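Comments concern the structure below.
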Amino acid sequence: QLQLVESGGGLVQPGGSLRLSCAASGFTLDYYAIGWFRQAPGKEREGISCMTGSGGSTNYADSVKGRFTISRDNAKNTVYLQMNSLKPEDTAVYYCAARRAVCIMSVKSYDYWGQGTQVTVSS
């Protein structure tokens with residue numbers, strides 16, 4: 001059974017950092033693009049970053065570009081999202097998702113989703 005499990009969320013002060021993890025089981029990430037998404041209260045889920053299965057191509061939303069970095073460790077079957085210089089507007093539930101083929105940041109294009117991890121940025 002294909003499964004994604006996020007971890008690493010929590011409460012952090014503005015300007016702080018967190019690293020989210022997305023651990024996959026039941027399939028090998030090498031052949032899947034992984035996307036990171038977030039959903040703030042009252043807002044639609046939005047794509048913020050993605051990476052191809054090979055790790056050769058990445059993409060970022062303008063809102064996180066220069067602050068967030070996506071990476072993967074295929075040996076651990078895990079994808080990470082390093083989040084630096086966090087702002088209160090980054091507060092949301094963060095999800096990872098997987099799809100075969102290319103990296104795109106469209107919610108509707110992903111087949112497998114994790115349960116989400118809460119990130120709260122507040123002083």
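No experiment lies behind these values; they were computed from the predicted model shown. We're numbering straight along the sequence, starting at 1.
Salt bridge annotation for Arg100-Asp111: absent, with no cationic side-chain nitrogen under 4.0 angstrom from a carboxylate oxygen. A salt bridge is absent between Lys87 and Asp90; no separation between the charged side-chain nitrogens and carboxylate oxygens falls under 4.0 Å.
Looking at heavy atoms from C-beta onward, Arg38 lies in side-chain contact with Val64 at the 4.5 angstrom threshold. Side chains of Thr58 and Ser49 form no contact here, defined as non-hydrogen atoms less than 4.5 Å apart.
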* To do: Give the intermediate values and the outcome of side chain to side chain contact (heavy atoms under 4.5 Å, CB included) for residues Tyr80 and Ile34.
  => CA-CA 10 Å; Tyr80 304 97; Ile34 297 295; over 6 Å; no
* **Full working for ring-ring contact (aromatic ring centres under 6.0 Å, His included) between Trp113 and Phe37** => CA-CA 10 Å; Trp113 289 83; Phe37 299 80; 4.8 Å; yes
* To do: For side chain to side chain contact (heavy atoms under 4.5 Å, CB included), just list the numbers for Arg67 and Met83, CA-CA rounded to whole Å, side-chain angles, deciding distance to a tenth of an Å, and then say yes or no.
  => CA-CA 6 Å; Arg67 299 188 298 123; Met83 306 187 297; over 6 Å; no
* To do: Please test Tyr60 against Ile70 for side chain to side chain contact (heavy atoms under 4.5 Å, CB included), starting from the C-alpha separation and ending with a verdict.
  => CA-CA 9 Å; Tyr60 297 92; Ile70 189 171; 3.3 Å; yes
* Let me see the working for Tyr110 and Arg99 under side chain to side chain donor-acceptor pair (under 3.5 Å), right down to the final yes or no. => CA-CA 5 Å; Tyr110 283 77; Arg99 70 185 300 271; 5.2 Å; no
* What's the verdict on side chain to side chain contact (heavy atoms under 4.5 Å, CB included) for Tyr32 and Leu2, showing C-alpha distance, side-chain angles and the deciding distance? -> CA-CA 12 Å; Tyr32 287 79; Leu2 279 68; 4.0 Å; yes
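Under the 4.5 Å side-chain heavy-atom criterion for grouping Ile, Leu, Val, Met, Phe, Trp and Tyr, Phe27 is not connected to Val5 through any hydrophobic cluster. Using a 4.5 Å cut-off between side-chain heavy atoms of Ile, Leu, Val, Met, Phe, Trp and Tyr, with links allowed through other members, Tyr31 and Leu29 fall into the same hydrophobic cluster. Follow the hydrophobic side-chain contacts under 4.5 Å out from Tyr112 and you reach Met51 in the same cluster. In the hydrophobic clustering of this structure, Phe68 groups with Val12; members are Ile, Leu, Val, Met, Phe, Trp, Tyr whose side-chain heavy atoms approach within less than 4.5 Å, directly or through other members. Placement of Leu81 and Tyr95 in two distinct hydrophobic clusters is found when ILVMFWY residues are connected by side-chain heavy-atom separations under 4.5 Å, directly or transitively.
Lys76 NZ: 12 or fewer foreign heavy atoms inside a 6.0 Å radius. Within a 6.0 Å sphere centred on CD of Glu44, other residues, nucleotides and ligands contribute 12 heavy atoms or fewer.
The two atoms that bring Gln118 and Val93 nearest to each other are OE1-CG2, 3.2 Å, heavy atoms only. The two atoms that bring Ala61 and Gly47 nearest to each other are CB-O, 3.7 Å, heavy atoms only. Minimum interatomic distance between Val119 and Gly9 (heavy atoms only, all atoms of both residues): CG2-CA, 4.1 Å. Contact between Asn59 and Met105 at its shortest, heavy atoms only, is ND2-CE, 3.8 Å. Heavy atoms only, all atoms of each residue included: Ser85 and Ser17 are closest at N-OG, 4.3 Å. Between Gly53 and Asn74, the closest heavy-atom pair is O-ND2, 3.7 Å.
Looking only at distances, a side-chain donor or acceptor of Glu6 sits under 3.5 Å from a matching main-chain atom of Cys96. When atom types are taken as modelled, the side chain of Thr52 and the backbone of Ser57 share a donor-acceptor pair closer than 3.5 angstrom.
Interatomic distance, Leu20 CG to Thr78 OG1, rounded to the nearest 0.5 Å: 12.5 Å.
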